[in-house]
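Naming: A, B, ... by sequence-line order, numbering from 1 per chain.
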2 protein chains.
Amino acid sequence: MANIQQIAKRAGVSVATVSRVLNHATSVSPKTRSKVEEAIKELNYEPSMLGRNLRNSESRLLLVLLPTIANPFYTEIINGIQDTAIASDYNILLCETDSKPERENIYFNMVKNKLADGVISMDPTVNMQRLNELAEHYPVILCSEYEEKGDIPYITVDSELAAYQAVKHLIKSGNEKVALITSDEKFLYARLRRAGYERALKEFHLQIRDEWIYHTKGLEFQYGVHAMRMLLKEEEKPTAVFAISDTLAIGALKAINMEREGSDPIAIVGFDNISFSSMTNPTLTTISQPMYTMGCQATEMLLSRIKGEKVENIVLDHELIIRESTMV
Amino acid sequence: MANIQQIAKRAGVSVATVSRVLNHATSVSPKTRSKVEEAIKELNYEPSMLGRNLRNSESRLLLVLLPTIANPFYTEIINGIQDTAIASDYNILLCETDSKPERENIYFNMVKNKLADGVISMDPTVNMQRLNELAEHYPVILCSEYEEKGDIPYITVDSELAAYQAVKHLIKSGNEKVALITSDEKFLYARLRRAGYERALKEFHLQIRDEWIYHTKGLEFQYGVHAMRMLLKEEEKPTAVFAISDTLAIGALKAINMEREGSDPIAIVGFDNISFSSMTNPTLTTISQPMYTMGCQATEMLLSRIKGEKVENIVLDHELIIRESTMV
DNA sequence: AATCAAATTGTAATCGATTACATTTATTTC
DNA sequence: GAAATAAATGTAATCGATTACAATTTGATT
């Protein structure tokens with residue numbers, strides 16, 4: 001691959017002039033410009049990002065931190081991020097941390113090393129202390145999961161309210177025994193959704209029963225299956241379930257489909273409105289977050305930060321999507 | 001962020017010595033080593049990848065090209081790629097092309113610009129001509145989708161055989177009317193799977209009927225729904241369906257669940273064994289590819305190429321996973 | 001103590017771009 | 001046509017690392 005000197009030589013000009021042609025910046029006479037452009041074409045030249053970035057100390061690369069791409073919840077957000085980034089001539093780097101601190105570290109270093117200009121973290125398992133340290137010196141945005149009293153700008157939805165509405169919907173459709181399938185409460189979203197669940201129950205003077213609150217080890221389907229099996233073993237079975245993630249809810253549906261034999265139906269509400277949720281049998285009632293928008297706005301926030309501007313936190317609206325799983 | 005000169009100054013040595021400490025290379029006396037290490041710690045120094053890469057012209061970054069992360073088929077492969085890459089001190093960059101040539105271009109340029117050391121393409125929509133050009137000068141591996149007579153090393157499964165076995169399974173379980181839901185035949189995997197489908201039909205002297213072969217516009221669920229609806233409108237309805245992707249198969253299941261009212265059941269086989277395929281109702285019979293292994297081996301191939309070694313193409317074994325959707 | 005080899009450390013070129021400043025060339029003005 | 005100004009181009013420093021080669025220090029040997 002040719003470099004800028006070779007182009008300069010070929011075109012009979014200095015490297016500065018070539019650089020000027022490349023960056024459409026200061027004045028270059030049409031004659032020399034076309035000479036240079038010709039040389040570029042002939043030698044099939046592409047400017048080296050390394051040289052350029054080293055000099056400019058910018059990479060026009062954004063990191064997107066997520067625990068795993070296996071959760072379909074992230075896909076639409078990522079589309080939003082990608083579209084917005086590309087529109088501003090940035091590219092994104094999807095970084096799966098697998099919830100492993102070592103990997104996280106690698107990606108943090110990429111930012112410190114100027115290999116990336118900023119970070120959007122969607123990883124609830126991220127080491128917040130280290131992320132906060134990073135955010136002191138580099139642009140960072142939290143998307144979806146956030147810190148209530150932290151300094152890092154975030155964009156999210158009102159999880160507590162959404163959960164409250166979901167559970168209220170279950171209660172209003174005649175369920176007095178509503179169980180909760182949730183994950184580890186070290187995650188803020190889990191605490192908030194549980195709070196919403198409890199608020200709804202209290203409002204209708206229903207008792208909060210610990211044995212109807214099941215904590216899973218992760219968000220994957222199989223944990224949903226397992227959770228539901230445990231709930232079905234209870235002496236007094238719930239008649240409805242609110243799961244804090246569609247993947248868990250779909251696992252729960254599966255468990256119900258397997259074990260139910262003419263027994264009473266169980267209503268289910270999930271959270272996220274992943275594309276799969278309309279493919280299940282029955283289709284899943286769920287909370288829809290404006291995921292694409294969230295991705296777009298998170299990116300806009302990050303780009304603002306990179307420019308050095310201040311940004312405000314954003315809380316987006318959600319929506320309860322009623323489908324068959326609560327129409328039993 | 002401190003740079004190497006500041007460390008050198010602080011430690012009272014030259015930048016060369018600092019670099020030596022950093023790279024554990026040639027001899028450095030224990031005394032100076034510890035002085036330097038102390039300075040590094042004090043100033044919280046991290047070497048700049050940009051400077052390093054520019055000099056070494058390597059980035060230890062691998063690109064993974066895929067059309068979209070929305071298809072769960074890719075997730076396990078990516079895990080394999082990631083684990084193998086990290087074990088060799090490489091990182092991966094997930095690149096969604098969205099089947100858009102412009103994006104593809106951006107990523108190709110990253111390789112040319114030494115921002116990445118090699119590419120694993122899992123993108124069936126990739127511009128093969130440009131990829132071939134890239135592969136003339138840079139390490140490239142094809143994973144899953146490949147070119148039969150091309151020069152780029154690939155790893156894949158025998159799609160034709162897998163499809164043949166899938167359809168044979170349908171026929172042997174009593175179905176004489178087997179439809180095919182496939183995608184655009186510009187993709188090799190689609191052509192191969194269709195060939196397998198036809199081979200099985202021929203072997204059992206069943207007629208190949210064009211009206212039972214439905215071509216979708218994409219692999220997303222909704223295309224599966226639509227395809228199945230069309231097939232159900234046929235005067236003579238198929239009793240079984242082979243879909244070339246689990247996502248399509250699950251969409252088809254959905255369509256059947258919606259339209260069927262005491263009518264005859266329809267058997268379905270998918271392809272890929274995505275984690276969702278065991279969550280559907282009924283669970284989905286499908287072809288399982290060793291996705292994790294495929295990712296690992298693809299990465300090993302790429303790393304070999306980066307070292308300048310030659311590599312052989314690999315065809316991995318698949319497996320027919322029989323579940324409820326063909327036990328009706 | 002002088003000599004020499006080995007170990008350690010430093011100097012300076014290099015990777016490929018950008019850009020402030022200097023210089024040359026073209027254009028305008030009187 | 002000379003002077004003043006504007007436009008075009010070139011020179012060389014710079015970003016932050018690595019490394020060949022040179023220079024120095026250390027230590028062993030006689």
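When distances are taken from the side chain of N23(B) to each of dA20(C), dT18(D), dG16(C), the shortest belongs to dT18(D). Nearest to the side chain of N56(B), among dT18(D), dG16(D), dG10(D), sits dT18(D). Candidate nucleotides dC15(C), dT9(D), dT9(C) were compared by shortest atom distance to the side chain of R55(B), and dC15(C) ranks first. Nearest nucleotide to the V28(A) side chain, out of dT11(C), dA17(C), dT9(D): dT9(D). Each of dT19(D), dA17(D), dT9(D) was ranked by its minimum atom distance to the side chain of A16(B); first place goes to dT19(D). You'll find that the side chain of V15(B) is closest to dT18(D), out of dT18(D), dA17(C), dT9(D).
The NZ atom of K31(B) sits 19 Å away from the P atom of dT24(D) (whole-angstrom rounding). Between M49(A) atom CE and dT18(C) atom P the separation is 12 Å, expressed in whole Å. Rounded to whole angstrom, the span from the OH atom of Y45(A) across to the C1' atom of dA17(C) amounts to 7 Å. Residue L22(B) contributes atom CG, which lies 11 Å from atom P of dT19(D) at whole-angstrom precision. L54(A) places its CG atom 10 Å from the C1' atom of dT18(C), with the value rounded to the nearest Å. Counting to the nearest Å, the P atom of dA17(D) and the CG atom of N53(B) are 11 Å from each other. Straight-line distance from the CD1 atom of I7(A) to the P atom of dG10(D): 15 Å, rounded to whole Å. Distance CD1 (I4(A)) to C1' (dT14(C)): 16 Å, rounded to an integer number of Å.
Between R10(A) and E42(A) a salt bridge is recorded (basic side-chain N to carboxylate O distance below 4.0 Å). In this structure, D83(A) pairs ionically with R103(B), as a charged nitrogen and a carboxylate oxygen lie closer than 4.0 Å.
For the side-chain contact (heavy atoms from CB on, under 4.5 Å) test with I7(A), the passing option among V13(A), V21(A), L43(A) is L43(A); the others fail. A side chain to side chain donor-acceptor pair (under 3.5 Å) with S59(A) is found for exactly one of N53(A), D117(A), N91(A), namely D117(A).
A side-chain donor from one of S99(A) and T125(A) sits under 3.5 Å from a side-chain acceptor of the other. Checked by atom type, the side-chain pair Q82(B)/N79(B) shows no donor-acceptor distance below 3.5 Å.
L50(B) comes within 4.0 angstrom of nothing in the nucleic acid, heavy atoms only. Contact annotation for V18(A): no contact, since no heavy-atom pair falls under 4.0 Å across all strands.
Considering only side-chain N and O atoms, S48(B) lies nowhere under 4.0 angstrom from the phosphate OP1 or OP2 of dC15(D). Residue S19(A) has a polar side-chain atom (N or O) positioned under 4.0 Å from OP1 or OP2 of dT18(C). For dT9(C), one of the phosphate oxygens OP1 or OP2 lies less than 4.0 angstrom from a side-chain nitrogen or oxygen of S29(B).
Under 3.5 Å, the side chain of R52(B) and the base of dT18(D) form no donor-acceptor pair of N or O atoms.
Mapped onto DNA chain C by nearest heavy atom, T17(B) and G51(A) fall at different nucleotides, with T17(B) at the one closer to the 5' end.
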